[in-house]
Amino acid sequence: MKSLFDRCDRNPILTPKDIPLPAEAVLNPGAAEQDGETVLLLRVEDTSGFSDIYVARSRNGVDDWRIEPEPLLRHGLPEWRYEQWGCEDARVTRLEEEKCWYITYTAYSQFGAAVGLARSCDLRSVERLGLIFSPNNKDACLFPRKFDGHWATLHRPDAGGGIENIWTASSPDLVHWGNPHCVLSEGPGPSWDNVKVGAGPPPILTDRGWLLLYHGVKMYAGQMAYRVGAALLDRDHPHRILARSQRCLFKATELYEQSGLVPNVVFPTGLLLRGEELWMYYGAADTVVCLATVRLRDLLDILES
């Protein structure tokens, strides 16, 4: 059976050898387009085990990456106590009303994993705005427009007892967040996403609603397998789910996805719409960065069926 997604024949498109410092892994990139180039916000884990966010640029979004020598978001700065152990898994959303990009990321410290927010006008420098969700919480991404005068975000709080579902929150000012709603819960019984789910890249608005890619986890012989599904959210009330894929749509089948620091992981965090095609940037085996593409209409048709 032909795969819905087509993997790039250059995969993995970025490896630790491409990074301008000794690195154990490069993974889970946020994605944006700027001045005709693809910009990836890479999580780079150094050989001491701590992560920072670096910026990479490419004309074609596939190869010839130019990686900035210094991180955009560096962990361990004295004035940012909730990032002492790492800045991880950035998602980036262009807010045209604010005329800049907003970056959600996991701020990791001895206090746990929290959600940090930063903004950048040029994707070369950054202004941190601080935490928007306290530990334990991660996998946050912003919608690119307001709903009834409020911004909205998806996030994944840890409810305890192994319960990890996708929620929304809203804010009038991108600082104060409330009005929580559970959007997408773990799958039932032995389903492919029954252990936990988390938002992937920021949702993309289509003629049928907001398209969300998400990761789902299932346990096999004591090991977690991360795979990818999709959902449609209401265009005006994004906490309302319209459709959800009943099966996983993308899974680890290649050696670079099945073997690495964490085997059997595909973890999407960047998504660009180019014409009628979606470019999905993802971390593979928590070790390298890869690219897969899919026709938007094919993905929406699966959700409708």
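Both backbone and side-chain heavy atoms feed into the values below; hydrogens, waters and symmetry mates do not.
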Chemist: Taking C-beta and beyond as the side chain, do Cys141 and Pro203 meet within less than 4.5 Å on heavy atoms?
Modeler: yes
Chemist: In the hydrophobic clustering (ILVMFWY, side-chain contacts below 4.5 Å, transitive), which residues join Tyr108, or is it alone?
Modeler: Phe50, Trp85
Chemist: Do Tyr256 and Ile13 share a hydrophobic cluster (ILVMFWY, side-chain heavy atoms under 4.5 Å, transitive)?
Modeler: no
Chemist: Within a strict 4.5 Å, meaning less than it, do heavy atoms of the Asp122 and Ser120 side chains meet?
Modeler: yes
Chemist: Any salt bridge between Glu97 and Lys99, counting N to O under 4.0 Å?
Modeler: no
Chemist: Looking at Arg274, Arg57, Arg59, which hits side chain to side chain donor-acceptor pair (under 3.5 Å) with Thr38?
Modeler: Arg274
Chemist: Got a sec, which residues hit side-chain contact (heavy atoms from CB on, under 4.5 Å) with Val217, two or more places apart in sequence or on another chain?
Modeler: Val195, Lys196, His215, Met224, Tyr226
Chemist: For the OG atom of Ser58 and the CD atom of Glu37, what is their distance to the nearest 0.5 Å?
Modeler: 7.5 Å
Chemist: What I want to find out is whether Asp301 reaches Arg295 closely enough, with some N-O distance under 4.0 Å, to be called a salt bridge.
Modeler: no
Chemist: Run through the side-chain heavy atoms of Ile, Leu, Val, Met, Phe, Trp and Tyr, join any pair under 4.5 Å, and report what else lands in Leu131's cluster.
Modeler: Tyr82, Phe111
Chemist: With a 4.0 Å cut-off on N to O distance, would you call Lys251 and Glu257 a salt bridge?
Modeler: no
Chemist: Report yes if some heavy atom in the side chain of Thr153 is under 4.5 Å from a heavy atom in the side chain of Thr168; otherwise report no.
Modeler: no
Chemist: May I ask you to decide if Ala285's main-chain N or O and Thr287's side chain share a donor-acceptor pair within less than 3.5 Å?
Modeler: yes
Chemist: I'd like to check Pro263 versus Gln258 (side-chain heavy atoms, cut-off strictly below 4.5 Å). Are they in contact?
Modeler: no
Chemist: If you measure from the Lys or Arg side-chain nitrogens to the Asp or Glu carboxylate oxygens, is any gap between Arg128 and Glu83 under 4.0 Å?
Modeler: yes
Chemist: Consider only side-chain heavy atoms of I, L, V, M, F, W and Y, link residues closer than 4.5 Å, and tell whether Val289 and Ile19 are in one cluster.
Modeler: yes
Chemist: Quick one: list whatever passes side-chain hydrogen bond (donor to acceptor under 3.5 Å, both in side chains) with Ser134, sequence neighbours left out.
Modeler: none
Chemist: Nearest 0.5 Å, what's the CZ-CD distance between Arg297 and Glu277?
Modeler: 14.0 Å
Chemist: Carefully, step by step, assess Val44 and Ile53 under the rule side chain to side chain contact (heavy atoms under 4.5 Å, CB included).
Modeler: CA-CA 6 Å; Val44 176; Ile53 304 299; over 6 Å; no
Chemist: Measure the CZ-CG distance between Arg94 and Leu142 for me, rounded to the nearest 0.5 Å.
Modeler: 13.5 Å
Chemist: Treat each ILVMFWY residue as a node, draw an edge where side-chain heavy atoms are under 4.5 Å apart, and state whether Leu211 and Val228 are in one component.
Modeler: yes
Chemist: Is the shortest distance from a Lys or Arg side-chain nitrogen in Arg240 or Asp234 to a carboxylate oxygen in the other one below 4.0 Å?
Modeler: no
Chemist: Looking only at heavy atoms, what is the nearest atom pair of Ala230 and Leu299, with distance?
Modeler: CB-CD1, 4.3 Å
Chemist: Give a yes or no on whether Leu27 and Val288 share a hydrophobic cluster (residues Ile, Leu, Val, Met, Phe, Trp, Tyr; joining criterion: side-chain heavy atoms under 4.5 Å apart).
Modeler: no
Chemist: Is any side-chain heavy atom of Cys248 less than 4.5 Å from a side-chain heavy atom of Asp193?
Modeler: no
Chemist: Can you sort out the partners of Ser171 under side-chain contact (heavy atoms from CB on, under 4.5 Å), two or more places apart, ordered by chain and number?
Modeler: Asp173, Trp177
Chemist: Taking C-beta and beyond as the side chain, do Thr104 and Asp139 meet within less than 4.5 Å on heavy atoms?
Modeler: no
Chemist: Taking all atoms of both residues into account, what is the closest heavy-atom pair of Ala32 and Leu123, and its distance?
Modeler: CB-CD1, 4.1 Å
Chemist: Check whether the side chains of Asp89 and Tyr105 place a donor and an acceptor atom closer than 3.5 Å, and report yes or no.
Modeler: no
Chemist: Could you walk me through whether Ser185 and Arg244 pass side chain to side chain contact (heavy atoms under 4.5 Å, CB included), step by step?
Modeler: CA-CA 11 Å; Ser185 61; Arg244 175 179 181 171; 4.2 Å; yes
Chemist: Scan the side chains in residues 112-119 for donor-acceptor partners under 3.5 Å anywhere in the protein, sequence neighbours excluded, and list what turns up.
Modeler:
unit_1 : atom_1 : unit_2 : atom_2 : d
Arg119 : NE     : Glu127 : OE1    : 2.8
Arg119 : NH1    : Tyr102 : OH     : 3.2
Arg119 : NH2    : Glu127 : OE1    : 3.3
Arg119 : NH2    : Glu127 : OE2    : 3.4

Chemist: For Gly229 and Ser245, which heavy atoms make the closest approach, and how far apart are they?
Modeler: CA-OG, 3.5 Å
Chemist: List for me each residue that meets side-chain hydrogen bond (donor to acceptor under 3.5 Å, both in side chains) alongside Asn264, sequence neighbours excluded, and say none if there are none.
Modeler: none
Chemist: Within the structure provided, determine whether Leu278 and Leu272 are in side-chain contact (heavy-atom separation under 4.5 Å).
Modeler: no
Chemist: Quick check: closest heavy atoms across Ala252 and Val265, and the distance to 0.1 Å?
Modeler: CB-N, 4.2 Å
Chemist: Roughly how far, to the nearest 0.5 Å, is CG of Leu296 from CD of Glu276?
Modeler: 6.0 Å
Chemist: Is it the case that the side chains of Thr206 and Arg235 hold a donor-acceptor pair, with the cut-off being a distance below 3.5 Å and no angle test?
Modeler: no
Chemist: Does Val26 reach the side chain of Pro16, with side-chain heavy atoms less than 4.5 Å apart?
Modeler: yes
Chemist: Below 4.0 angstrom, N of the basic side chain to O of the carboxylate: do Arg124 and Glu68 qualify?
Modeler: yes
Chemist: Residues in side-chain contact (heavy atoms from CB on, under 4.5 Å) with Asp64, at least two apart?
Modeler: none
Chemist: Going by ring pair (Phe, Tyr, Trp, His ring centres under 6.0 Å), name the pairs with one or both residues in residues 9-41, residues two or more places apart or in two chains.
Modeler: none
Chemist: Have Arg43 and Ser51 got a donor and an acceptor in their side chains that come within less than 3.5 Å?
Modeler: yes
Chemist: Is the backbone N or O of Lys218 less than 3.5 Å from a side-chain atom of Asn194, with the two atoms forming a donor-acceptor pair by type?
Modeler: no
Chemist: Which atom names give the shortest non-hydrogen contact between Asn137 and Pro157, and what distance separates them?
Modeler: OD1-N, 3.5 Å
Chemist: Connecting only ILVMFWY residues whose side-chain heavy atoms lie within less than 4.5 Å of each other, what is the rest of Trp210's hydrophobic cluster?
Modeler: Phe143, Phe147, Leu154, Ile166, Val183, Leu184, Trp192, Val197, Leu205, Leu212, Tyr214, Leu233, Ile241
Chemist: Rounded to the nearest 0.5 Å, how far apart are CD of Glu24 and OG1 of Thr47?
Modeler: 6.0 Å
Chemist: Hey, mind stepping through Val175 and Ile132 against side chain to side chain contact (heavy atoms under 4.5 Å, CB included) and telling me if it holds?
Modeler: CA-CA 7 Å; Val175 176; Ile132 58 173; over 6 Å; no
Chemist: Would Leu41 and Leu14 show up in the same hydrophobic cluster when neighbours are defined by side-chain heavy atoms closer than 4.5 Å?
Modeler: no
Chemist: Roughly how far, to the nearest 0.5 Å, is CG of Leu213 from OG1 of Thr269?
Modeler: 10.5 Å
Chemist: For residues 72-79, run the donor-acceptor check on the side chains, cut-off 3.5 Å, and write out each pair with its distance to 0.1 Å, sequence neighbours left out.
Modeler:
unit_1 : atom_1 : unit_2 : atom_2 : d
Arg74  : NH2    : Glu70  : OE1    : 2.5
His75  : ND1    : Asp52  : OD1    : 2.8

Chemist: With ring pair (Phe, Tyr, Trp, His ring centres under 6.0 Å) as the rule and sequence neighbours excluded, what pairs involving residues 269-305 come up?
Modeler: Phe250-Tyr282
